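Order of the sequence lines sets the chain letters (A, B, ...), proteins ahead of strands, with each chain counted from 1. Side-chain atoms are counted along with the backbone in the values below, which use heavy atoms only and exclude waters and symmetry mates. What you see is a predicted model, and the numbers here were worked out from it, not measured in a lab.
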Amino acid sequence: MTEFSWKIGGEAGYGIMTSGLIFGKAFVKSGLFAFDTNEYPSLIRGGHNTYTVRVCDEPIFSHSKKIDILVALTKLAVEKHKDEISENGFIIFDQSVFSVSNEEVRDDINLVPIPLTEIATKSGGQAIMRNNVAIGASFALVDYNFEHLVDTINGIFGGKKGEDIAKTNINVAREGYNYVERNFPKFLRSIKISAKKFAKRMYIIGNEAISLGAIRAGCKFYSAYPMTPASSILHFLSSKENDYNIIVKQTEDEIAAIHMAIGASFAGVRSMTGTSGGGFSLMTEALGLAALTETPLVVVLAQRPGPSTGMPTHTEQGDLKFAINASNGEFPRVVVAPGDANECFYETFNAFNIAEKYQIPVIVLTDKFLAESHSTIDPFLSKQLKIDRGMLLTDEKAKQIKDYKRYENTATGVSYRSIPSQIAMFKAATDEHDEYGRLSEEQSDRITQMDKRFRKFKVLESEIDGIKIYGDDDADITIISWGSTKGPILEAMKIFAKKGVKVCFIQVLYLMPFPTTKMKLLIEKRKNKIIIENNKTAQLASLIKEHTGMDIDYKILKYDGRPFTPEDIYEKIDEVLTFAKL
Amino acid sequence: MTEFSWKIGGEAGYGIMTSGLIFGKAFVKSGLFAFDTNEYPSLIRGGHNTYTVRVCDEPIFSHSKKIDILVALTKLAVEKHKDEISENGFIIFDQSVFSVSNEEVRDDINLVPIPLTEIATKSGGQAIMRNNVAIGASFALVDYNFEHLVDTINGIFGGKKGEDIAKTNINVAREGYNYVERNFPKFLRSIKISAKKFAKRMYIIGNEAISLGAIRAGCKFYSAYPMTPASSILHFLSSKENDYNIIVKQTEDEIAAIHMAIGASFAGVRSMTGTSGGGFSLMTEALGLAALTETPLVVVLAQRPGPSTGMPTHTEQGDLKFAINASNGEFPRVVVAPGDANECFYETFNAFNIAEKYQIPVIVLTDKFLAESHSTIDPFLSKQLKIDRGMLLTDEKAKQIKDYKRYENTATGVSYRSIPSQIAMFKAATDEHDEYGRLSEEQSDRITQMDKRFRKFKVLESEIDGIKIYGDDDADITIISWGSTKGPILEAMKIFAKKGVKVCFIQVLYLMPFPTTKMKLLIEKRKNKIIIENNKTAQLASLIKEHTGMDIDYKILKYDGRPFTPEDIYEKIDEVLTFAKL
Amino acid sequence: MPSFEELTTKERPTWCPGCGDWGILTALKKALVEINAEPTKTVVVAGIGCSGHLPQWINTFGFHSLHGRALPVAQAIKLSNHELNVIAVGGDGDGYGIGMGHFIHAMRRNVNVKYIVHDNQIYGLTTGQASPTSEKGFKTKSTPHGLIEEPVNPIALALATDCSFVARGFAGDVPHLVKLIVQAINHKGFALIDVLQPCVTFNYLNTFEYFYRRIYKLEESGHDTSNKEIAFQKAFEWGEKIPIGLFYKKERKTYEDELPQISKEPLIKQKIDNVDISQLIEEFC
Amino acid sequence: MPSFEELTTKERPTWCPGCGDWGILTALKKALVEINAEPTKTVVVAGIGCSGHLPQWINTFGFHSLHGRALPVAQAIKLSNHELNVIAVGGDGDGYGIGMGHFIHAMRRNVNVKYIVHDNQIYGLTTGQASPTSEKGFKTKSTPHGLIEEPVNPIALALATDCSFVARGFAGDVPHLVKLIVQAINHKGFALIDVLQPCVTFNYLNTFEYFYRRIYKLEESGHDTSNKEIAFQKAFEWGEKIPIGLFYKKERKTYEDELPQISKEPLIKQKIDNVDISQLIEEFC
Ligand SMILES: Cc1ncc(C[n+]2csc(CCOP(=O)(O)OP(=O)(O)O)c2C)c(N)n1
Ligand SMILES: Cc1ncc(C[n+]2csc(CCOP(=O)(O)OP(=O)(O)O)c2C)c(N)n1
Ligand code: SF4
Ligand code: SF4
Ligand SMILES: [Mg+2]
Ligand SMILES: [Mg+2]
């Protein structure tokens with residue numbers, strides 16, 4: 001296994017996001033694996049942005065702590081990140097803008113001063129293309145076939161309209177490549193990575209995977225209000241609205257967004273809304289409306305650090321218990337937390353089936369780290385997926401029903417759902433009702449309907465396997481976690497494996513209904529149970545205790561707005577266990 | 001101990017609410033104890049309303065299941081409630097409107113047909129005053145001094161403007177009294193209740209007690225949007241706005257209501273908002289705003305059955321976990337659930353102190369049963385209460401501070417709070433910030449501020465005693481509950497006492513911070529632990545498990561929108577324990 | 001197709017006897033009969049309030065949504081199946097208080113939905129608090145010393161937003177209201193009908209009497225419904241004379257008209273069994 | 001009392017170079033200098049957006065509230081202490097999108113708060129989606145095939161609500177904007193200043209250029225600021241000519257004027273140490 005990590009840092013508005021994407025994608029397109037993550041403040045210009053890409057010739061699931069090549073577009077980038085640079089790592093910087101010396105950083109660090117801006121403008125580009133020079137230079141450092149970069153740039157800017165832009169970008173990058181070859185021949189090949197047997201893989205962020213899952217599930221209506229880090233679903237789906245005949249509606253606020261999704265679903269169209277914490281707060285009332293009217297609903301909640309506006313462009317897993325308990329009153333719902341882009345796709349697809357089969361709200365819980373990080377995965381196996389619309393009536397079936405009871409008290413709790421234009425009319429009501437949907441405050445109707453709704457939950461519980469397990473069964477350490485920490489944990493397990501420590505990782509994919517029985521069975525006899533969460537109060541740990549009564553031995557929590565790195569996890573675990581032994 | 005229960009039932013718009021209040025108050029004013037509860041659908045006219053008053057010569061804490069006198073204004077009232085009538089109980093009904101025979105009801109029931117409407121109109125009143133005829137008649141049945149009724153009617157309608165109205169009402173009632181004396185002499189004294197040594201007591205509903213608590217605490221700003229069962233706080237406070245110089249603002253929605261309360265508090269004025277579940281859902285986002293800006297805030301959440309609009313005029317305790325987890329992100333808050341009108345007053349007063357001392361949001365959690373039922377309690381000991389505004393700066397103190405840090409990282413987590421017009425300026429921000437309140441996304445500021453906010457919680461935990469205990473320490477049965485079930489439980493304990501069964505009742509007054517240590521200690525060695533909750537999912541039981549890991553042996557739950565009666569509780573407990581013994 | 005009786009439910013409305021809501025329900029049913037609306041293809045969406053109970057008492061599809069939220073639900077239903085006849089109803093608190101934002105945005109969006117507001121200038125269902133259209137000085141449970149705010153003017157707001165059909169009806173004049181509803185349904189685009197609706201239980205000021213004495217019909221006064229400025233002047237006429245009828249009408253493309261997604265068939269009719277996403281997957285490779 | 005420098009923070013704004021927000025901040029500070037506002041008695045309340053960052057960069061009290069919620073917070077601050085000078089700022093998405101309901105209701109309430117809207121016809125902070133004032137057809141991240149809705153017209157909405165001070169400024173004409181803000185602050189009552197604010201990063205259509213070529217000043221065109229109908233006509237002027245300046249002004253009692261609770265002293269000055277509730281307790285005995 002060979003790998004390296006690359007980071008570009010500079011001000012917002014420097015085009016860092018596109019550069020990072022191009023860089024990673026070039027490797028993926030030629031058969032390697034990449035993972036990226038970005039960091040930017042809640043500002044449009046200025047402030048400090050970074051984009052980190054890790055590249056490997058074997059599958060990887062997260063970024064890592066150390067950086068082998070730092071592209072510093074500002075002096076600040078050097079100061080902020082010099083400590084992350086690995087031994088004998090590199091700093092590429094724009095020598096015409098500022099200087100860097102080994103005294104300032106570290107002796108072992110290799111400095112690669114390049115007149116980035118100058119090269120960009122001289123070779124026919126604009127100053128902003130300085131990033132491309134740096135990318136070209138980086139390719140030279142890792143001695144990777146430049147043609148892969150050409151392909152990628154053509155792919156991103158290409159097409160008739162973009163031909164010229166692509167050409168300029170490529171030229172500029174090539175100059176960077178050549179500059180290193182010419183001026184720093186000794187650095188060539190000092191980081192080794194080479195193309196492997198080619199296989200077609202996707203390089204995709206969580207939000208895009210969710211969007212694809214929704215499109216594949218037949219979602220025809222997406223209503224949302226912009227909110228980081230959910231917005232890119234809105235952007236992606238609206239860019240495809242005409243290709244896939246989806247109505248994508250930016251609404252006046254999140255309240256309208258969720259009510260529109262409910263309206264569309266009532267009309268019989270698969271619909272979804274997406275938001276982050278503040279917007280989800282505004283949606284809580286309508287969650288209950290979906291529940292009481294038994295209108296299927298899919299809500300994506302992409303978390304960011306709260307409370308309140310908090311740190312809008314950063315990451316956290318602070319909304320788990322909120323998602324589970326949001327809205328007044330009691331009703332069954334599903335909360336699923338994908339851990340990677342793959343699960344984003346498949347679980348979003350599933351979410352639509354579950355929402356319709358059980359006629360309940362389903363919350364897809366992600367976070368900024370997952371929503372916006374690219375990872376390399378196999379193309380989705382889309383053909384094998386089956387749409388299941390549950391007890392939705394066809395026009396024919398509707399005609400046969402006599403004395404239609406929309407909220408019939410069935411054995412499973414699920415009842416036939418008709419849609420407007422069908423002969424089986426009914427009223428969906430926000431108030432409690434009888435089996436026909438007529439308002440009722442009778443004790444008997446109330447109990448019947450409450451029990452009916454909760455009965456679905458029983459069936460659901462038996463149908464959903466909420467837990468995934470990785471690693472050794474007879475492990476020394478059992479990690480329990482949920483959501484986007486999955487990637488860094490899987491990577492940390494590689495480190496443990498190298499040290500010969502056996503680790504088992506229990507990923508809770510479905511947080512509601514909580515996989516109580518399985519969890520109990522799994523952790524009962526384990527030693528060194530460790531919870532890892534990107535929040536302050538260890539919300540999963542408290543759920544485990546609530547459901548199983550069991551305590552977790554150690555909690556490793558991070559609530560500074562940043563995702564875990566594999567090394568963080570490895571070191572923290574090592575620390576708690578060492579400490580425990582003392 | 002002697003007691004009786006009286007119920008009046010008829011259509012909405014029949015003036016049942018006022019009649020019920022007059023009836024109960026007349027007994028309280030003369031030294032007895034009364035408790036009432038009402039039931040009405042979410043309609044303005046028609047539908048079936050009831051008002052139940054229980055009267056006793058010793059303190060009582062809830063209504064009870066059996067009715068001794070039923071005043072049936074409609075035939076429907078007879079049908080609905082005949083089974084609740086105690087042995088040899090009475091039905092007073094308007095013989096000119098419908099008839100009732102012993103065959104239809106029960107042989108032992110005493111029928112008291114009276115031409116209610118006729119008497120009302122003949123004695124100078126309007127048809128709607130038929131209720132007063134029935135009240136008068138009821139006074140005759142229990143042979144209670146009519147002058148107590150006169151006092152009460154004068155008290156309610158009296159004053160210069162109402163003199164005539166009061167007179168007519170009294171006349172009409174007296175005719176009812178006389179009618180029974182004349183026509184049913186044998187019924188006189190069949191229910192015995194007599195005045196006791198007089199003591200001044202209040203007859204008050206939860207919402208009024210909350211309002212008084214707020215006024216006493218110096219609340220100067222109440223912003224709300226009407227919502228049953230919270231509306232009567234709005235009505236009461238607005239009726240007193242000029243007497244106590246309170247700005248009472250009905251806003252365009254609940255979002256505005258909570259933001260106004262936050263704005264007022266930021267400006268330095270004690271403020272409050274109140275709502276029910278749906279409105280609280282809309283307020284969740286701003287809860288986080290109060291938390292992050294550390295602006296003190298008191299929110300009354302008067303529960304009603306959900307999900308969604310549910311049963312708007314009924315009762316339930318379904319929002320506990322929602323209140324605890326509402327809003328995105330993690331922050332400390334206090335959730336206090338008064339169990340009776342007395343606690344409504346004192347805990348609302350305390351809520352203001354806690355909110356300011358800790359600069360956090362405090363949720364006062366009640367429900368329709370508590371909010372709208374009258375009970376008889378001793379006059380509030382208002383003098384002894386002390387306002388504590390915590391670290392709110394005075395103008396003088398503000399002047400002395402150099403380099404003011406609004407969010408200073410103190411040992412307690414609480415920091416000095418200045419208000420506009422003081423020299424110590426700052427910005428309150430919805431984003432994460434540094435100690436000065438300046439926006440910051442630095443990891444170190446984030447961790448510092450998160451830890452600072454949560455540090456308060458530690459102090460809070462040690463300051464608040466969240467549990468109250470009633471009954472025997474060496475009990476056979478331990479009941480655990482929260483909120484408005486307290487009254488029926490205390491009454492059920494009287495029944496157990498009569499049977500010689502020892503019962504202990506643990507009331508959880510503060511649900512957040514959860515009284516973990518005390519709870520653990522208390523229940524560890526108990527047998528027959530029984531949770532009683534007015535909801536479907538036993539939310540307190542799950543909190544207990546979450547915090548202590550302990551299971552509750554039995555759960556008695558009611559989610560039909562109606563409060564427990566003492567008999568319900570007694571019987572259900574008896575049932576589960578008998579069943580357990582099998 | 002449907003008769004008045006077919007549209008009438010077995011259950012009787014629970015509104016107070018004499019409430020203006022009765023007239024509105026009758027007018028709506030009559031209008032649906034007149035335009036030959038198929039009940040199964042008609043959806044009545046409501047918010048919460050006394051007004052919000054309306055869908056319960058008309059034999060069509062119904063969606064009783066949350067307080068203030070009838071419009072977002074109604075618009076999405078229409079977009080999902082534009083062959084449906086979608087009518088939203090609600091109260092003045094519902095629509096002009098908590099729902100104000102949706103109201104304004106629905107008008108500018110111009111989805112072909114009809115909005116009938118039961119404007120009784122009071123919060124009925126919550127037993128009598130001030131509403132956004134209550135008159136200044138009005139004493140209610142929440143304003144015992146008199147309301148301080150000026151009322152909102154829904155007609156003027158609609159004109160300010162260039163709403164494509166702006167009308168006011170009166171619950172006490174059912175034939176006139178029927179005409180307005182029919183016109184509104186026949187109009188292509190969003191239509192507002194603000195209906196003066198006496199609440200006999202809580203609004204002692206704006207009674208049937210009050211309105212009978214004051215209202216006059218715009219169509220009988222030579223009003224030009226294509227002139228927004230004059231309509232705006234008329235919108236502020238309130239006092240001795242109160243105009244009812246059509247204030248303003250304008251032909252505008254509806255939102256649906258501009259969606260290629262549904263130019264061939266309604267969203268609901270499009271197959272979703274097997275959406276082919278191979279092209280999309282390719283994009284990420 | 002304060003100098004421009006005293007109002008200026010050490011931290012520099014993080015707005016994009018050339019953004020219209022800079023002009024608005026400068027104008028606000030100059031206006032505060034001109035009216036001699038005490039910084040400690042001035043509160044700037046903001047919503048969320050690029051605009052919402054403003055309070056961070058002015059040396060007064062500040063409250064950076066939630067998206068769309070500046071007005072409820074600002075009004076309550078003013079009611080709690082009407083000796084304060086309360087200014088609310090926000091974006092077009094903030095104020096006319098998610099905050100629309102509060103906007104309309106604040107105007108009819110007429111609390112003496114000034115509202116400056118940074119109207120850049122785009123969602124800036126969330127990187128360029130359509131806003132309620134974006135022009136029809138505008139292509140943005142959320143409307144890649146062109147926006148369908150008609151924009152809202154905040155000036156017309158303000159007139160429809162009888163807002164007591166209705167004006168439009170331009171971020172590119174600071175001296176003019178300063179005058180407007182000074183007038184607004186001197187006006188007793190709620191004041192709206194909608195400010196045309198080019199977003200140089202995401203709005204490629206409504207640039208400084210765009211506005212320079214089109215704007216003209218109402219005060220130079222003999223406009224009568226007391227005539228609502230004419231103001232309403234002017235409100236719809238948008239195209240080759242765009243009016244800025246004061247559209248309409250009316251003397252109305254403020255909300256505070258009608259509160260006996262604060263006729264003697266501000267709420268905040270009233271003692272709460274020992275509120276005597278014995279009278280109330282008596283009422284329940
Ligand atoms: C979020 C929310 N807040 C408050 C309520 C309580 N509520 C029910 S109806 C209503 C207002 C009724 O007034 P209006 O909309 O004018 O309808 P009307 O009853 O007069 O027809 C209110 C405030 C609610 N159901 N939901
Ligand atoms: C409830 C909620 N929804 C969404 C967001 C995300 N958000 C932040 S700023 C903004 C809009 C910004 O546009 P605008 O109000 O016009 O301000 P500008 O940035 O253009 O000044 C949005 C949608 C949020 N913070 N809160
Ligand atoms: S309360 Fe008013 S609006 Fe409601 S049904 Fe009665 S009369 Fe009609
Ligand atoms: S994104 Fe636009 S509005 Fe925001 S700071 Fe930049 S130029 Fe200004
Ligand atoms: Mg109304
Ligand atoms: Mg904007």
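The side-chain heavy atoms of A:Tyr407 and A:Thr293, taken from C-beta on, include a pair separated by under 4.5 Å. Contact of the A:Leu540 side chain with the A:Asn535 side chain is not registered, since no non-hydrogen atoms from C-beta on lie closer than 4.5 Å. Residues A:Leu292 and A:Phe331 fail the side-chain proximity criterion, which asks for heavy atoms closer than 4.5 Å.
Counting only distance, with no hydrogens or angles, the side chain of A:Glu330 and the backbone of B:Lys536 share a donor-acceptor pair below 3.5 Å. Side-chain atoms of A:Ser276 come within 3.5 Å of backbone N or O of A:Ala302 as a donor-acceptor pair.
Counted within 6.0 Å of NZ on B:Lys545, heavy atoms from surrounding residues, nucleotides or ligands total more than 12; the atom is thus considered enclosed. Within 6.0 Å of atom NZ in A:Lys572, 12 or fewer heavy atoms from other residues, nucleotides or ligands are found, so the atom counts as exposed in its surroundings. Counting non-hydrogen atoms of other residues, nucleotides and ligands closer than 6.0 Å to NZ of B:Lys452 gives a total above 12.
Interface check for chain A: of the options B:Gly561, B:Pro305, B:Ala291, the most heavy-atom pairs under 4.5 Å are formed by B:Pro305. Contact count versus chain B (heavy atoms, under 4.5 Å) is highest, among A:Gln449, A:Met283, A:Glu285, for A:Glu285. Ranked by heavy-atom pairs under 4.5 Å with chain B, the list A:Glu432, A:Glu441, A:His433 is led by A:Glu441. In terms of non-hydrogen atom pairs under 4.5 Å with chain B, the most contact-rich of A:Gly288, A:Pro307, A:Gly306 is A:Pro307. Ranking B:Pro41, B:Gly279, B:Ser327 against chain A, the residue ahead of the rest is B:Ser327, based on heavy-atom pairs under 4.5 Å. Each of B:Asn325, B:Thr537, B:Leu301 has some count of heavy-atom pairs under 4.5 Å with chain A, and the biggest count is that of B:Asn325. Comparing A:Ile447, A:Leu543, A:Ile544 by heavy-atom pairs within less than 4.5 Å of chain B, the highest count is held by A:Ile447. Interface check for chain A: of the options B:Ser542, B:Ser42, B:Ser440, the most heavy-atom pairs under 4.5 Å are formed by B:Ser542.
Within the 4.5 angstrom heavy-atom criterion, atoms from both the backbone and the side chain of B:Tyr559 approach chain A. At a 4.5 Å heavy-atom cutoff, B:Phe457 makes no contact with chain A through either its backbone or its side chain. With a 4.5 angstrom heavy-atom cutoff, B:Arg304 does not touch chain A via any of its atoms. At a 4.5 Å heavy-atom cutoff, the contact between B:Gln539 and chain A is made by side-chain atoms alone. Both the backbone and the side chain of B:Asp451 come within contact range of chain A, each with at least one heavy atom under 4.5 Å from a heavy atom of that chain. Neither the backbone nor the side chain of B:Leu439 comes within contact range of chain A, judged by heavy atoms closer than 4.5 Å.
One finds a salt bridge joining A:Lys80 and B:Glu442 here, because a Lys/Arg side-chain nitrogen approaches an Asp/Glu carboxylate oxygen to under 4.0 Å. Ion pairing of A:Lys321 with A:Glu546 is absent here, as no side-chain N (NZ or NE/NH1/NH2) approaches a carboxylate O to less than 4.0 Å.
A donor-acceptor contact closer than 3.5 angstrom links the side chains of B:Asp568 and B:Thr565.
Residues of residues 308-318 of chain A lying within less than 4.5 angstrom of chain B, judged on heavy atoms, are A:Ser308, A:Thr309, A:Gly310, A:Met311, A:Pro312, A:Thr313, A:His314, A:Glu316, A:Gly318 in numerical order.
Under the side-chain hydrogen bond (donor to acceptor under 3.5 Å, both in side chains) criterion, A:Glu84 pairs with A:Lys7, A:His81, sequence neighbours left out.
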